[in-house]
2 protein chains.
Amino acid sequence: MNSDEAIPTISDAEWEVMKVLWDTPGSNAPEVHARLQDRRTWKIRTVQTLLGRLVQKGALGFEKNGREYLYHPLFDAETCRRAASNSFISRVFDGRLAPFLATFVESTELSAEEIDELKRLLDEGQEK
Amino acid sequence: MNSDEAIPTISDAEWEVMKVLWDTPGSNAPEVHARLQDRRTWKIRTVQTLLGRLVQKGALGFEKNGREYLYHPLFDAETCRRAASNSFISRVFDGRLAPFLATFVESTELSAEEIDELKRLLDEGQEK
DNA sequence: TAAAACTGATTACATTCGTAAACCAAGCCC
DNA sequence: GGGCTTGGTTTACGAATGTAATCAGTTTTA
């Protein structure tokens with residue numbers, strides 16, 4: 001799994017494809033297409049275009065297996081999510097996490113259970 | 001301040017302009033340009049284009065003052081940030097906030113002070 | 001009052017993105 | 001063995017984005 005190279009920028013539509021391949025790496029285009037059925041109404045051509053672009057960007061790799069291509073992520077999900085999060089927080093919240101979290105807390109979009117879970121997470125972080 | 005209408009989608013570059021106008025609403029193009037000097041090397045033409053697009057999108061309004069236009073946001077910052085955050089979290093984290101926060105906690109990108117602040121925020125949310 | 005300076009409007013142009021259709025090669029079916 | 005099916009490659013095309021240059025109107029200035 002690559003970790004040194006610059007993490008490519010992944011577009012909205014491309015995220016869906018990446019998520020499928022993190023879940024089941026080594027899928028070919030029809031398989032990815034099938035696994036997106038419930039969320040997106042994309043034609044298989046659309047999925048192939050996205051796969052091709054992700055390969056070009058260096059986000060995906062593939063091996064040929066006979067005439068089919070088996071795609072797999074070149075970066076793990078954590079790495080990509082972290083990069084996207086940092087970029088988002090810095091763009092919208094000037095890099096400050098607290099105001100971001102405050103947005104959710106104040107708008108009561110969090111259940112009591114979620115709040116507990118988040119507090120537990122923070123506790124764990126503090127112990128390290 | 002508008003709050004009923006659909007919140008427009010604001011692009012990366014446009015966020016910078018919005019942030020200036022939330023800070024000092026009623027600025028004209030040259031003023032916005034000046035306030036961006038430290039962060040961006042945009043020409044004033046670029047800033048004017050962004051202002052125009054934001055007006056078109058319904059994110060900004062303006063009044064004429066003689067020959068100059070004074071721009072002001074039509075949505076408050078909280079509203080826009082919340083919309084952007086929801087969209088981001090649902091795109092990248094399938095709508096679940098905990099994994100997002102875990103990303104930051106695990107990567108030790110948070111100082112002890114920040115963790116304390118976040119916990120305090122969560123406590124406040126819980127009291128409501 | 002004619003030129004200079006300031007401000008906004010219109011037009012431009014290359015990239016990226018969303019969404020494919022068209023085209024082509026390799027197996028498979030009869 | 002010549003289509004039909006399946007899988008991938010190339011090309012397309014409009015909207016959004018980043019980044020302006022040019023044009024035009026107004027006010028100030030020499």
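Computed from heavy atoms alone, side chains included, the values below leave out hydrogens, waters and symmetry copies. In what follows, every chain begins at residue 1, and chains take the letters A, B, ... in the order their sequences are listed.
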Q: Within the distance-only criterion (no hydrogens, no angle test), does the side chain of B:W15 pair as donor or acceptor with the backbone N or O of A:F93 below 3.5 angstrom?
A: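 Pair absent, no side-chain N/O of B:W15 close to backbone of A:F93.
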
Q: Using atom CD1 of B:I44 as one end and atom C1' of C:dA5 as the other, report the distance to the nearest whole Å.
A: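 To the nearest whole Å, that distance equals 13 Å.
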
Q: For A:S27 and A:R35, does a side-chain donor sit closer than 3.5 Å to a side-chain acceptor?
A: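 No, no side-chain donor-acceptor contact under 3.5 Å.
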
Q: Below 3.5 Å between N/O atoms, which protein atoms pair up with nucleotides 19-21 of chain C? Just atom names and distances, please.
A:
unit_1, atom_1, unit_2, atom_2, d
C:dT19, OP2, A:W42, NE1, 2.8
C:dT19, O4, A:R53, NH2, 3.0
C:dA20, O5', A:T46, OG1, 3.3
C:dA20, N7, A:T49, OG1, 3.0
C:dA20, N6, A:T49, OG1, 2.4

Q: By nearest atom, which of the nucleotides C:dA25, C:dC17, C:dT7 is closest to the B:N28 side chain?
A: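 The answer is C:dT7, which lies nearest to the side chain.
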
Q: How many Å lie between CG on A:D12 and C1' on C:dG18, as a whole number?
A: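 So the two atoms are 10 Å apart, to the nearest Å.
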
Q: Walk along DNA chain D from 5' to 3' and tell me the first and last nucleotide with an atom closer than 4.0 Å to a non-hydrogen atom of chain A.
A: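 The contact span of chain A on DNA chain D goes from D:dT6 to D:dA12.
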
Q: Please report the distance, rounded to the nearest Å, between NE2 in B:H33 and P in C:dC6.
A: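 It is 14 Å, rounded to the nearest whole Å.
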
Q: Could you state the CD-C1' distance from A:E16 to C:dC17, rounded to the nearest angstrom?
A: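 It is 15 Å, rounded to the nearest whole Å.
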
Q: May I ask you to decide whether A:E14 forms a salt bridge with A:R53, counting only side-chain N to carboxylate O separations under 4.0 Å?
A: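 Salt bridge absent between A:E14 and A:R53.
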
Q: Does a side-chain heavy-atom distance below 4.5 Å link B:V32 with B:Q48?
A: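 SC-SC contact between B:V32 and B:Q48 ruled out.
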
Q: Expressed in angstrom and rounded to an integer, what is the separation of B:L51 atom CG from C:dG8 atom P?
A: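 Taking CG of B:L51 and P of C:dG8, I get 8 Å after rounding.
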
Q: Can you confirm if the aromatic rings of B:F100 and A:F100 lie within a centre distance of less than 6.0 Å?
A: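 Yes, ring centres under 6.0 Å apart.
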
Q: Give one of base, sugar-phosphate or nothing for B:K64, where a contact means two heavy atoms less than 4.0 Å apart.
A: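 Nothing, no heavy atom under 4.0 Å.
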
Q: Any side-chain heavy atom of B:V17 sitting closer than 4.5 Å to one from B:I10?
A: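 With C-beta onward as the side chain, the pair stays apart.
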
Q: Reckon B:Y69 has a side-chain N or O less than 4.0 Å from the OP1 or OP2 of C:dA9?
A: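 Checking B:Y69 against C:dA9: at least one side-chain N or O falls below 4.0 Å of OP1 or OP2.
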
Q: Is there a donor-acceptor contact under 3.5 Å linking the side chains of A:E63 and A:H72?
A: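 Note: A:E63 and A:H72 side chains meet the donor-acceptor criterion.
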
Q: Tell me the interatomic distance from B:Q48, atom CD, to C:dT11, atom P, rounded to whole angstroms.
A: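 Atom-to-atom, B:Q48 to C:dT11, this comes out as 16 Å.
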
Q: Would you say A:R96 has more than 12 foreign heavy atoms packed within less than 6.0 Å of its CZ?
A: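 Not more than 12 within 6.0 Å, no.
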
Q: If you define the side chain from C-beta out and look only at heavy atoms, does anything of B:Y69 sit under 4.5 Å from B:V55?
A: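 No. Closest side-chain heavy atoms not under 4.5 Å.
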
Q: Report the distance from atom CD of B:Q56 to atom C1' of C:dT10, rounded to the nearest whole Å.
A: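 Value for this atom pair: 12 Å.
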
